[in-house]
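We name chains A, B, ... by the order of the sequence lines, and we start the count at 1 in each one. Computed from a predicted model, the values in this text were never measured in an experiment.
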There are 2 protein chains.
Amino acid sequence: MSPVATQNLDASHGTELSKDPKVSGKASTPGTEKLVINTIRCLGADLCQQYKGGHPGTVMGAAAIATALWRYSMRYNPANPEWVNRDRFVLSAGHACLLQYILLHLSGYSTWSLDQIKKYHAPTMDGIAAGHPEIEYPGIELTTGLLGQGIANAVGLAIANKNMAATYNKDGFPIIENKVWCFTGDGCLQEGIGQEAISMAGHWGLDNLILVYDNNSVTVDGTIDICFTDDTSAKLRSMGWHVLEVDDGSNDLAAIVDAFDQAKSFTGKPVFINIKTVIGIGSANQGSGKVHGAALGEDDVANVKSALGFDPKEKFAVPQAVYDYFKESQARGEKDEKEWNELLKKYTESYPSEAKEFQRRLAGELIESWESNLPPKSSLPQDPKATRQSSGIMLRSVIPQDNSFLVGSADLCESTFVNWDKMVEFQNPKSGYGDYSGRQIRYGIREHAMVGVANGLAAWHKGAIVPIMSSYFIFWLYAAPSLRMAALMKLRFIAIATHDSIGVGEDGPTHQPVAFPLFLRALPNFNYIRPADAEEVAGAWILALKDSDHPSLLSLTRQPVPLLSGTDRNQVQNGAYIVHGDASETPEITLVATGSEVARAVDTAKLLSDYKVRVVSMPHMGRFDKQSAEYRRSIIPSGKSLVVAIEPYCSFGWAKYAHAGAHMTGFGHSAPYSTLFEHFGFGPKNLAAKISAWAETRKGSEGWNLPGVGEFEELLLNQVQGH
Amino acid sequence: MSPVATQNLDASHGTELSKDPKVSGKASTPGTEKLVINTIRCLGADLCQQYKGGHPGTVMGAAAIATALWRYSMRYNPANPEWVNRDRFVLSAGHACLLQYILLHLSGYSTWSLDQIKKYHAPTMDGIAAGHPEIEYPGIELTTGLLGQGIANAVGLAIANKNMAATYNKDGFPIIENKVWCFTGDGCLQEGIGQEAISMAGHWGLDNLILVYDNNSVTVDGTIDICFTDDTSAKLRSMGWHVLEVDDGSNDLAAIVDAFDQAKSFTGKPVFINIKTVIGIGSANQGSGKVHGAALGEDDVANVKSALGFDPKEKFAVPQAVYDYFKESQARGEKDEKEWNELLKKYTESYPSEAKEFQRRLAGELIESWESNLPPKSSLPQDPKATRQSSGIMLRSVIPQDNSFLVGSADLCESTFVNWDKMVEFQNPKSGYGDYSGRQIRYGIREHAMVGVANGLAAWHKGAIVPIMSSYFIFWLYAAPSLRMAALMKLRFIAIATHDSIGVGEDGPTHQPVAFPLFLRALPNFNYIRPADAEEVAGAWILALKDSDHPSLLSLTRQPVPLLSGTDRNQVQNGAYIVHGDASETPEITLVATGSEVARAVDTAKLLSDYKVRVVSMPHMGRFDKQSAEYRRSIIPSGKSLVVAIEPYCSFGWAKYAHAGAHMTGFGHSAPYSTLFEHFGFGPKNLAAKISAWAETRKGSEGWNLPGVGEFEELLLNQVQGH
């Protein structure tokens, strides 16, 4: 029942290739192409066999596609992988990384020596040939491999190019003009994020994006038709894509190059190229799931080599002719960049201010005045405001004047306060809603792809673009895999997450996060910031924008909170600090709170008039973790004072700093926020009563009988209603 | 540029309705239908205006659709909302819950009194008219509202019906024969999970599923074409759906009923009904985003009522004729169930063993022998095995003989060990791969929808189906929003998450979870279980299957771990227990570990020969949290012993029980697992050295100088390589 036709290789010829003179004519010598493609296949087989693992099937099946890309179709200069006007290549099917590594080697990226590639799966920590491609290394645009995300990343890169081009290109000066190539397998097309991203790209008519589908009809579990029977070409057409098809993508190099040529010249829509291939072609198990994620075995590798005209005893063979074959593309790349440098020079003479801004952005700088443009505390609204509104004030202070910012929302632009006066939407000019110079991106109701796209924007030329995205807090959980990838890649963005905690109110427990924020706290390289008021919101923006190596999420309220006298934007970077109480004296009770509960803690402190009470605001636990032990102890003196955490999330993680806590023990409820805070015990009167009663139990003969590790107390266990 | 044509209502008539005699003929009296529909609209407007919030637009725009469903098209008995052969209705666009509540009231669900519905958004904790529909209440199949998930839930319900029908129906005895209706807006169709689920349903040819698209072309931010320009009907066709279209779904009741009739009789494919409506029809702002998520305002509500022939001064008006109108559907439902009960009685006589099993499952019971079918510790493989393999042993001991289990995988069936001998795949019989009685579900590479579907399976008739799903650990992050919903809904399933921790090895940091497991620990109502060896895997299965009110995720290794002498399946339910060391004496050092690190902790303990060392296995921190303080202190004597946690995740959450920890401080790396464990410091020699050196610093004049709260130490801060 397998839909994959068995294909036999002619032992004396290897694969049939490029009888089309157009392609052959470009090649060094007739017959070289098949040697190149077969070299890639044998290398793939050898590299997986070496440590008996990895993914040989796609390397072998898609060798011709990769050859077409690196030899004929892509614009890049291996001598300068960071050349800003290069084409971008994203391997969404990241498990096929060997294919990319091999081509980076053959096409002249010096870092990618054969010795480096041979470290694929090696028992060593110093290799760069990781099991999935990693952004740290030359020629790799983004870390991919979690299926589907690469497509969204590629859409982000395509948006970046469109936006930069629309912003800086002038008549006769196409300083940004390139293509984004994304290589995908079946998995990425099945994943939700892939489908969201495809729908976006079609909507925007991103004709600089080419999605290359290695359609081998095989997944880990077998032939694709056991789980997937979409008419993929029709589906892509329904989402606004132009579709090309290639019948024999494992062999017909000429047809592939022709399709790529067509794709490059097509305008108005992104292009999807559906290329049928045979996974693991040449293996005894070609066309089956067996060659997807396992080495072929010694015998099969030997057979493959014999069939392709290689010496079965020789490993990692790369004939000189194969290296020579890529000399032309290397030379072309050098020439392309040289010409571009000249173009940029003339552009700089003709358009000095645009060029200056362009260069500033390539250097990763924001406009100098951004921090001073934020309103000082004295100019902030003195009446209670939701922190989402305060965030809007900061956004409107820094966004409009700096093209570095590409803002957007998952259909919640106004209620998350990411809009501004005279903003232009990033839209297909034909839509009538905006154009590609626009910086307000309508991501639609597609949170996961939104962040995948943002990762592409942030990675386009690191620092040149700062993506800002918004949604309600709980919907960021949909995007969690891409938030995590941003942290892994150390990309900067700001995620505006409004409607945090049970403060969501009437929308009920489905929309009230009680545990998800704790994941963001636990995540390495990630700034989870929950500011207490407008002043701390300013501090959160400052922290997020200055921290160019990490993504940040701002956890903001739907409901109003007062501007507190003790808050200080400059302290947010320390993670936690004292907002109430005399810093010079040791408190008897220390209340540690975050976000909207800092005001509640201050009110509670005032009710606990029998004690010396300190209130600490902890907008960023991760930053506090990184402070010196001395600083931490000076803020939270847990060896002398009773420490109570107050936060309407679950208590997980708080025992690190607190002896007891007022937290949620289950999901929330649907009711107005004020009803919920009272019901769940976060009213200052109830908090003061609970804390006071608990403190009584900790009184010893000489001061507090301080709880030790293992004795954390939940003070609000009596939450009866709720989920 | 709005694509929504303005529609005027004739003040004297309200909406034009059902001139088609087919529909009018069914109705009590001519003109009643428009009265019903206008009543729904006015109720929607009133209920949102009452507390000045909510989503009136869809209630008004889709009133005719809902009328058609509850009056003509759906099969249900309001007197028994749990009747197992009812049609299921899933409101994927959960924010439109008022529409459902109103129809539940009008159609005769006694719990849904008008007084209850009036508690929508009320400042009270005792209402059932939550901001999104909640599974706890009659007539609500699942809690929805996080967009897209309802579609996946509905696919799960449709699978459940198909599977039950294929398993139990006999010639002349269609004891399970009903439809699943899913109401969706634009949002659910944009979300990745919605698209994944749609692709699945088309693949399986689920012709008992009808997706009703309220195509009002408006979202929160404006008209849909600012972000979404898919040709949705063509897209659904490309994914194997039959598509029907209705032009005027706000008014043309006859056309809607006709489309529903066609959908009910169509066979071979699921049916998508694309119904154009005008959101907020009747409001001055109809057809715009303003009526989506905000009350209309007093004046507009009054105008709407006047236009629809209602008294603007009267609130919550429901004419008796409207109640009378639904008497026929009530009577039909009662008759349907009565006939079905008779059918079931005869079925029981003719097929007693099938009927017995059917009734056992409806009672939520598994086959009695399941626990005793699990191999005892003495029969487990004595050589090291990956816990994923051990899980396979348990699965194969209980799954094959009990139809209650619907197992499946996101394309990783074999490597997650969820296959078994002679398993039949759940497939469209036409595919040749299986049939609807099959219990191995090929979910494809669609993790999020997999769990959304599982929630539908688990909710079909709670307890009758136990879904088991599998994927690699990190891919469960894609499904996190649906894992969370399972916890919120208190549904039982088992998620098999293999390849946990840096033990993933070569696939590298993209695939190595270091923080995500901590989210699952923090999540209320959720069993995150990380068993140490095959014996604890048995305990994990027992815990998960016995806990019928909670979902469980089993965190399993890719790499082999030894069977430990100290492990005990019966102790897993306690969360943590002693696996090494003399329980009767107080240890000097207590090592607390989970999963594959328990064996490492035991080896480390043996190296720390200068101290009395205890090793505690903590497969389930959440369960341990719930034990008595006495039990907890008896296992982890943190007031007397130094306590060190060992787990290759981030340390977040461990300070609750440990003074220090050996943890990851960043993401992992691509290398073989043994290389990684050594490099990151988890080799027993290094652990013993680090613990020993640290213990030296804690020596006081009288025993340990035990660290207090706020002094947690990371022992493995020197991780240099990695991300």
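- Within the 4.5 angstrom heavy-atom criterion, only backbone atoms of A:Gln512 (N, CA, C, O) approach chain B.
- B:Gln427 places a side-chain N or O within donor-acceptor distance of the main-chain N or O of A:Ile226, the cut-off being under 3.5 Å.
- Interface residue A:Met621: only side-chain heavy atoms are found under 4.5 Å from chain B.
- Residues A:Pro524 and B:Val514 have side chains in contact (heavy-atom distance under 4.5 Å, counting atoms from C-beta outward).
- By the 4.5 Å heavy-atom criterion applied to side chains, A:Leu518 and B:Phe652 are counted as neighbours.
- Side-chain atoms of B:Gln195 do not come within 3.5 Å of backbone N or O of A:Gly192 as any donor-acceptor pair.
- A:Ile636 does not touch chain B: none of its heavy atoms, backbone or side chain, sits under 4.5 Å away.
- Most heavy-atom pairs under 4.5 Å with chain A: of the set B:Asn525, B:Leu488, B:Leu676, this distinction falls to B:Leu488.
- Contact count against chain A (heavy-atom pairs under 4.5 Å) is highest for B:Phe516 among B:Trp654, B:Phe516, B:Tyr649, B:Tyr673.
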Check your understanding: Between A:Phe475 and B:Leu146, is a side chain to side chain contact (heavy atoms under 4.5 Å, CB included) present by the stated rule, with each step listed?
Key -> CA-CA 8 Å; A:Phe475 282 98; B:Leu146 289 186; 3.8 Å; yes
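- There is no contact between A:Pro637 and chain B, counting heavy-atom distances below 4.5 Å.
- Inter-residue side-chain proximity for B:His203 and A:Asp225 is flagged as unmet; no heavy-atom pair is nearer than 4.5 Å.
- When each of A:Cys97, A:Ala515, A:Gly240 is scored by its heavy-atom pairs under 4.5 Å with chain B, the top score falls to A:Ala515.
- The aromatic rings of B:His448 and A:Tyr478 sit perpendicular to each other, their planes meeting at more than 60°, with 30° as the lower class boundary.
- Annotation for B:Gln190 and A:Glu196: closest pair O-CG, 3.4 Å, computed over non-hydrogen atoms.
- By the 30° and 60° cut-offs, the orientation of the rings of B:Phe519 relative to A:Phe519 is tilted.
- Only the side chain of B:Met485 has a heavy atom closer than 4.5 Å to any heavy atom of chain A.
- Contacts with chain A were tallied for B:Ala522, B:Gly444, B:Gly508; B:Ala522 has the most, counting heavy-atom pairs under 4.5 Å.
- Contacts between B:Cys413 and chain A at a heavy-atom distance below 4.5 Å involve backbone atoms as well as side-chain atoms.
- For the options B:Pro481, B:Gly94, B:Cys650, heavy-atom pairs under 4.5 Å to chain A are most numerous at B:Pro481.
- Contacts between A:Ile474 and chain B at a heavy-atom distance below 4.5 Å involve the side chain alone, from C-beta outward.
- Between A:Cys227 and B:Tyr443, every side-chain heavy-atom pair lies at or beyond the 4.5 Å cut-off.
- The closest side-chain heavy-atom distance from A:Thr124 to B:Thr675 is not below 4.5 Å.
- If you measure heavy-atom distances from B:His55 to chain A, the contacts under 4.5 Å come from the side chain alone.
- Rounding to the nearest 0.5 angstrom, the gap separating the CD atom in A:Glu414 from the CG atom in B:Asp221 is 6.5 Å.
- In this structure, B:Gly710 and A:Ser638 approach most closely via the heavy-atom pair CA-OG, 3.9 Å.
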Practice item. Could you walk me through whether A:Phe228 and B:Arg446 pass the side chain to side chain contact (heavy atoms under 4.5 Å, CB included) test, one step at a time? Key: CA-CA 10 Å; A:Phe228 183 78; B:Arg446 310 179 183 101; 3.2 Å; yes
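- Listed for the B:Thr510 side chain is no donor-acceptor partner under 3.5 Å among the backbone atoms of A:Gly145.
- Across B:Glu714, B:Arg521, B:Arg633, the residue that shares the most heavy-atom pairs under 4.5 angstrom with chain A is B:Arg633.
- Put simply, the side chain of B:Asp507 never gets that close to the backbone of A:Gly131: no donor and acceptor are under 3.5 Å apart.
- For the residue pair B:Glu134 and A:Ser670, the shortest heavy atom distance occurs at OE2-CB, 4.5 Å.
- Rounded to the nearest 0.5 angstrom, B:Glu506 CD and A:His132 NE2 are separated by 11.5 Å.
- Only the backbone of A:Thr144 comes within contact range of chain B, with at least one heavy atom under 4.5 Å from a heavy atom of that chain.
- Only the backbone of A:Ala658 comes within contact range of chain B, with heavy atoms under 4.5 Å apart.
- Residues B:Thr219 and A:Ile445 meet the side-chain proximity criterion, which asks for heavy atoms closer than 4.5 Å.
- The distance from the CD1 atom of A:Ile224 to the CG atom of B:Asp411 is 7.0 Å, given to the nearest 0.5 Å.
- B:His121 contributes no side-chain N or O that, together with a main-chain N or O of A:Ala671, makes up a donor-acceptor pair within less than 3.5 Å.
- Using a 4.5 Å cut-off between heavy atoms, A:Tyr120 makes no contact with chain B at all.
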Review point. Could you go step by step and tell me if B:Trp204 and A:Thr229 meet the side chain to side chain contact (heavy atoms under 4.5 Å, CB included) rule?
Key: CA-CA 9 Å; B:Trp204 288 313; A:Thr229 37; over 6 Å; no
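- Remark: the backbone N or O of A:Ala234 is not paired with any side-chain donor or acceptor of B:Ser238 at under 3.5 angstrom.
- The minimum heavy-atom distance linking B:Leu477 with A:Ala480 is given by the pair CD1-CB, 3.8 Å.
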Point to revise | B:Ser199/A:Asp230 under side-chain hydrogen bond (donor to acceptor under 3.5 Å, both in side chains): CA gap, chis, key distance, verdict | key: CA-CA 7 Å; B:Ser199 176; A:Asp230 290 0; 2.9 Å; yes
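- For A:Ala122, the part lying near chain B is the backbone, with the side chain staying farther off; criterion is any non-hydrogen pair under 4.5 Å.
- The shortest distance between side-chain heavy atoms of A:Glu447 and B:Glu191 falls below 4.5 Å.
- Here the side chains of B:Phe667 and A:Arg484 are in contact, with some heavy-atom distance below 4.5 Å.
- Contacts of A:Met489 with chain B are absent, with no heavy-atom separation under 4.5 Å from either backbone or side chain.
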